[in-house]
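Remember, it's 1-based here, ligands and their atoms both numbered in the order they're listed. The chain is numbered in sequence order, starting from 1.
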Amino acid sequence: MPTDASWWRDAVIYEIYIRSFGDGDGDGLGDIAGIRSRLPYLRDLGVDAVWITPWYPSPMADGGYDVADYRDIDPRFGTLADAQELIDEVHAHGMRIIVDLVPNHTSDQHLWFQQALAAGPGSPERARYLFRDGTSSGGPPNNWRSVFGGPAWTRVADGQWYLHLFDVHQPDLDWQHRDVRAEFESILRFWLDRGVDGFRIDVAHGLVKHADLPDIQTDHEDMLEPPDRTDHPHWDRPEVHDIYRSWRAIADSYGPDRVFVAEAWVAKPERLACYVRPDELHTAFNFDFLRCSWHADALRAVVDCTTRALDAVGAPPTWVLSNHDITRHVTRYGRASTRGGGSQHESHGPVDVALGRRRARAALLLMLALPGSAYLYQGEELGLEELEDLPEEVLQDPTWERSGRTARGRDGCRVPLPWSGFRPPFGFSPGDTPPWLPQPQRWVSLTAELQKREPDSMLALYHRALGVRRNHPALGEGAWSWLPSAPGILALHRVPGLVCVVNISAGPTPLPRHERVLLSSEPLPDGALPADSAAWLQVGDHHASQRAAATSFPTDGVPGRG
Ligand code: GLC
């Protein structure tokens, strides 16, 4: 087990969406046994840690983000003993493990909610959730909308309404209630006692609601496109920070190497920085990078704004391109209309998958050259694209039904991984059981087994990039600066002696002077960097920025964090 207490400041963390990573028992659904058998793959890939999406007992109304019992494992995924074995094995492989904590809401099958329904209006059991009477005209208590579509309130048999910012089966807890706070502190200890290295906090920006539950002035609220206002009645309220201060104290009591990462969709980097002040959470996902379009100036601005805001509180940035809620970035980058911008699952015109993959390769080298930590989403190392044409009858994301079958939702980025072989389930399951979402036959050319043997595959690039990142003294945390560069080109100088050049212009660009090419996302004909590609260059240590100066790279660097 690694011992470095500040490992999280520049770790590469691999998200395992448990339903779709590996199936050990052959029922077509991923599980703990499937993860355990593939730990050597992750170790060989070179990641530092894994984050596992919720594995708790759940009716799966939202893929496990509807938790019925926070201290156990869903029988479809395994047992608590299996989870313990996994935690220990991850450590034995020299990696860390982060589990997913879902504090904003429970499942409607959670004991507390069942008790609340049975106990009736005005009872102490109801006070743990947000039950309210409707308006005098018989409507819901306010105009809030569910992130998945439709109203955020549902009426129960006795006439009261309960709040659910997500699915109707995910009632929101009332975080003003002391039982709720005490319960989650105890849940944190439960998993810390079992040796987990940290928690990803689901909807970390949503826990506390305005006490008066006032109407929202706009009629459409979307978690993935946060409002730019900062006085929202249920997102990013200042009261949430008090909760995280108490959680930080608990984590610290287990040692400085236990960490939190917040899923917080907020308006701007300065707001995100509030979550990672020294006595709060350690890190937070930086979704601005993920939402940014494939344009040099836009990417440069995101890197600058992010690092400036987080530097001010002493927290390391995180970088992420895809996750289980977002259109896979191969598809986003392959779409002329967005060039990777935005994050939603709605289609915006045709996709050039080959172009998307090419840009994804370049984006990887940019992401891994930036200071701080990076998150990978399972399957991106295989270059998987979003499946936007899944048959309607297989769709499971609650978004599909709650939007009145107008938004297909997130299933297209959750299709089980292709591991090996020539037809589905491509080694995902031991037998022939069809996976819970169907894989396309064309993924036969993307299996991990095949890509391992191809030196130019996406998997090979990930493998090499993670290897260089681990061993090169300039990468990870540390000093960086932009080198001046031609329009459409990003040139990032890391100390000592590494320059990452990304070409987002329409044609090839000359490489700055260098000692050798450490890695490039594409071949470099005539020593030039082609469009939509990136390279890591070893440059002379001392005067790197001067030496990097070639025709398109003037001499003086722009200082970044030092
Ligand atoms: C987070 C999860 C998402 C889930 C939602 C509600 O955004 O990443 O998958 O649906 O929270 O728990």
*Asks:* Just which atoms of ligand 1 are under 4.0 Å from any heavy atom in V203?
*Replies:* 11 (O)
*Asks:* Does ligand 1 have any atom that is closer than 4.0 Å to a heavy atom of H164?
*Replies:* no
*Asks:* Does ligand 1 have any atom sitting under 4.0 Å from a heavy atom of F148?
*Replies:* yes
*Asks:* Could you tell me whether E15 approaches ligand 1 through its side chain, its backbone, both or neither, with non-hydrogen atoms closer than 4.0 Å?
*Replies:* neither
*Asks:* Taking F285 as the fixed residue, which of F260, Y377, W51 is the one that meets the ring-ring contact (aromatic ring centres under 6.0 Å, His included) rule?
*Replies:* W51
*Asks:* By number and element, which atoms of ligand 1 are closer than 4.0 Å to a non-hydrogen atom of R410?
*Replies:* 3 (C), 4 (C), 9 (O), 10 (O)
*Asks:* With ring pair (Phe, Tyr, Trp, His ring centres under 6.0 Å) as the test, would you mind laying out the steps for Y65 and H324 before giving the verdict?
*Replies:* CA-CA 12 Å; Y65 283 93; H324 66 282; 5.3 Å; yes
*Asks:* Which of the numbered atoms in ligand 1 are below 4.0 angstrom from a heavy atom of D325?
*Replies:* 1 (C), 2 (C), 3 (C), 7 (O), 8 (O), 9 (O)
*Asks:* Kindly identify the option in H205, E263, H105 whose heavy atom sits closest to atom 7 (O) of ligand 1.
*Replies:* E263
*Asks:* How long is the gap from CE on M95 to CG on L39, to the nearest 0.5 Å?
*Replies:* 5.0 Å
*Asks:* Below 4.0 angstrom from a heavy atom of R414, which ligand 1 atoms are there? Numbered from 1 as shown, please.
*Replies:* 9 (O)
*Asks:* Any donor and acceptor pair, going by atom type alone, linking the side chain of D411 with main-chain N or O of L395 inside 3.5 Å?
*Replies:* no
*Asks:* Should the pair F166 and F148 be assigned to parallel (<30°), tilted (30 to 60°) or perpendicular (>60°) ring geometry?
*Replies:* perpendicular
*Asks:* To the nearest 0.5 angstrom, please state how far the CD atom of E280 sits from the CG atom of D242.
*Replies:* 9.0 Å
